[in-house]
Amino acid sequence: MCGIVGYIGYREAYPIVIKGLKRLEYRGYDSAGVMLYDGADIKLCKTKGKVSDLEEKASKEMTTNGTIGIGHTRWATHGVPNDVNSHPHVSNSGDLVIIHNGIIENYAPLKQELIARGYVFQSDTDTEVLVNLIEEIQKKEKLKLGKAVQTALNYVVGAYAIAVFDKKCPDELVAARLGSPLAIGVGEGEFFIASDASPFIEYTSNAVYLEDGEMANIRLHKPMKVRKIKDDSEVDPYIQELQMNLEQIEKGGYDHFMLKEIYEQPSVIKDTYRGRLHANEGIIQMAGVEDNLEKFLNADRIIIVACGTSWHAGLVAEYIFEEFARIPVEVEYASEFRYRNPIINSKDVVIAISQSGETADTMAAIKLAKEHGAFVFGVCNVVGSSISRESHAGAYTHAGPEIGVASTKAFTTQITVLTMIALRLAKAKGTLSNSDFHMYLQELEIIPEKVREALETNERAKEIAATFKDAPNCLYLGRGYNFPVALEGALKLKEISYIHAEGYPAAEMKHGPIALIDDQMPVVVIAPKQGHYDKIVSNIQEIKSRSGRIIAVVTKGDTQVRELADYVIEIPETSDALSPLITTIPLQLLSYHIAVMRGCNVDQPRNLAKSVTVE
Ligand code: M6R
């Protein structure tokens, strides 16, 4: 989704804005632009393509001095990706400049009205409508920038995070948000605006996260003013100290963020359970669960809402909750749930899983659940994100910033949190024997070591990747706890290498997909020793008899599958329920290497955005 960056202060704005846009590249985009103000003129440069293309164009077309600047990476919604549709957009007078992340849903009638009043539009975007609406209001009602922006925002329907500059009051930026994230960095004599804190982390660790429906007037050498867009009431801005550091958002010697994040899993899983899991004492303690234990224990059922990889973590959780805590679970795509008039009641617990905490469909799903009286528990990674704030309670995954568009450490840390919740409920309900409860606690505590061991399959994954990198299709099969891992493995492959891949429960093969098997079809089978081992061996035999090419993920020391498979990847042994935390590792590595070998842009796959803030 679009990324926005703004700066007002005493430094040169251009390098800050450009570096900031590069930090936001992970969000996914197809064009970029920048505006600078040098005390006399507005300078603008926009282009289809990458931030590096923008830099090249700017170096030829404009001087880059100026201490006020705004920049944007655009993920096209209204209008194709091209130079003209790129942001920033300028009003007809040439005075107002805007950057916008989101969608103005009622832009069409507003545009017609503005055209009727003589406005001319260059682009196909909804954003150009908004900047001209602000201008029209400013002119007609003789308002200052802040008031004109506020009035305009009360006319529009949709979602936005915006920053607006007005040449007529050049010591000011106005920012506002509704449904799209916006952070304001507060430094000494300078301010930063960004979609998240990563563009300004090296300049200040003080940030204000605007709430939905708030706007900020940011003026040089004056305290920032925050108010509610609707009723104009003033809000005391809460300045929080950021936990993030620069190292976390850089590649740290890895070729790609995705690989760095894959390798971070042993340590971030530890961070996830640190202070919550006390294996020796037999205790699991999570404030959000403890404070609401009765709600969980009295729940008729748990409904999990999520999208993408987070939905896959939800599917793993379904198996775990039902097995450990004997609570019925339904796992829903948030995008389907929100539109299908679901039956929700006040005895339902709805768990929303989201790495970014900004996914529009998941957000809408929890709002719907709340309207029906359900208790909403958020499992998010980004601290202070919209979903974490909208939930009644929750647990953070503490995975640190995930920059690669393909989720890796988010998945394993989500499963870790959900497993701990299930174990805590099982203890309260007595649905697991004491010895099993303690066994799982001990197992979970040593999972980071096993993940580390599983990462040693990297070279093997690379060899296999070299063999299969040109395959047009790939099947992933798993059973039980590892069926969602098969789905996740297939998603990883297709999203970063553009190879068509499907995940199936292995037993479903004979109900259709088996027709696809021939000697060209690679089939990745997740076949650890625990669980339904014999059954999966039979499934492998079925593939073998049809000449399929089998890549099997097996427990160290396995002999039976080794005889049947063309390639095996050995992983350390763990209990069936915790095995997704291990089996997923070689699949992440396999996808990564295939994508690299195919020359794909691993961290920013085509058409994808890191957080999907539009439906
Ligand atoms: O931030 P969220 O966890 O809510 O994001 C959900 C999906 O958009 C996300 O998992 C997506 O499927 C990833 N690209 C998967 O790698």
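Every number for a ligand or one of its atoms is a count from 1 in the order of the listing.
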Enquirer: Could you check if a side-chain atom of I201 sits within less than 4.5 angstrom of a side-chain atom of L242, using non-hydrogen atoms only?
Expert: yes
Enquirer: Closer than 4.0 Å to some heavy atom of S354 - which atoms of ligand 1 meet that?
Expert: 1 (O), 2 (P), 3 (O), 4 (O)
Enquirer: Which of the numbered atoms in ligand 1 are under 4.0 angstrom from any heavy atom belonging to T309?
Expert: 10 (O), 12 (O), 15 (C), 16 (O)
Enquirer: What atoms in ligand 1 come closer than 4.0 Å to a heavy atom of S310?
Expert: 2 (P), 3 (O), 10 (O)
Enquirer: Which protein non-hydrogen atom lies closest to atom 7 (C) of ligand 1, naming both residue and atom, and how far is it?
Expert: C307 O, 3.7 Å
Enquirer: Examine the side chains of S385 and E358 and answer whether a donor and an acceptor come within less than 3.5 Å of each other.
Expert: no
Enquirer: In the structure I gave you, are the side-chain heavy atoms of I421 and M286 within less than 4.5 Å of one another anywhere?
Expert: yes
Enquirer: Could you say whether the N/O atoms of S356 and ligand 1 ever approach to under 3.5 Å?
Expert: yes
Enquirer: In the structure I gave you, are the side-chain heavy atoms of I496 and C600 within less than 4.5 Å of one another anywhere?
Expert: no
Enquirer: Identify all side-chain donor-acceptor contacts of residues 576-589 below 3.5 Å with residues at least two apart in sequence or on another chain.
Expert:
{"residue": "S579", "atom": "OG", "partner": "N482", "partner atom": "ND2", "Å": "3.0"}
{"residue": "S579", "atom": "OG", "partner": "D576", "partner atom": "O", "Å": "2.7"}
{"residue": "T583", "atom": "OG1", "partner": "N482", "partner atom": "OD1", "Å": "2.7"}
{"residue": "T583", "atom": "OG1", "partner": "S579", "partner atom": "O", "Å": "3.1"}
{"residue": "Q588", "atom": "OE1", "partner": "Q265", "partner atom": "NE2", "Å": "2.7"}
{"residue": "Q588", "atom": "NE2", "partner": "Q265", "partner atom": "OE1", "Å": "3.3"}

Enquirer: Side chains of S198 and D196: any donor to acceptor distance under 3.5 Å?
Expert: yes
Enquirer: S407 heavy atoms, cut-off 4.0 Å: which ligand 1 atoms fall inside?
Expert: 15 (C), 16 (O)
Enquirer: Side chain or backbone of E358 under 4.0 Å from ligand 1, or both, or neither, by non-hydrogen atoms?
Expert: neither
Enquirer: Quick one: nearest non-hydrogen protein atom to atom 14 (N) of ligand 1, plus distance?
Expert: E495 OE1, 2.8 Å
Enquirer: In terms of atom number and element, which parts of ligand 1 are under 4.0 angstrom from non-hydrogen atoms of K492?
Expert: 15 (C), 16 (O)
Enquirer: Considering only protein heavy atoms, which is closest to atom 8 (O) of ligand 1, and at what distance to one decimal place?
Expert: V612 CG2, 4.1 Å
Enquirer: I'd like to check which ligand 1 atoms, numbered from 1 as shown, lie under 4.0 Å from a non-hydrogen atom of A406.
Expert: 16 (O)
Enquirer: Test side chain to side chain contact (heavy atoms under 4.5 Å, CB included) on T127 and H87 and set out the steps.
Expert: CA-CA 8 Å; T127 307; H87 298 211; 3.1 Å; yes
Enquirer: Tell me which one of T359, V405, I387, T397 gets a heavy atom nearest to atom 4 (O) of ligand 1.
Expert: T359
Enquirer: Got the closest protein heavy atom to atom 12 (O) of ligand 1, with its distance?
Expert: G308 CA, 3.3 Å
Enquirer: Please lay out, stage by stage, how Y29 and R74 fare under the test side chain to side chain contact (heavy atoms under 4.5 Å, CB included).
Expert: CA-CA 5 Å; Y29 72 107; R74 174 173 187 254; 5.7 Å; no
Enquirer: Are the side chains of I302 and I304 in touch, meaning some heavy atoms are under 4.5 Å apart?
Expert: yes
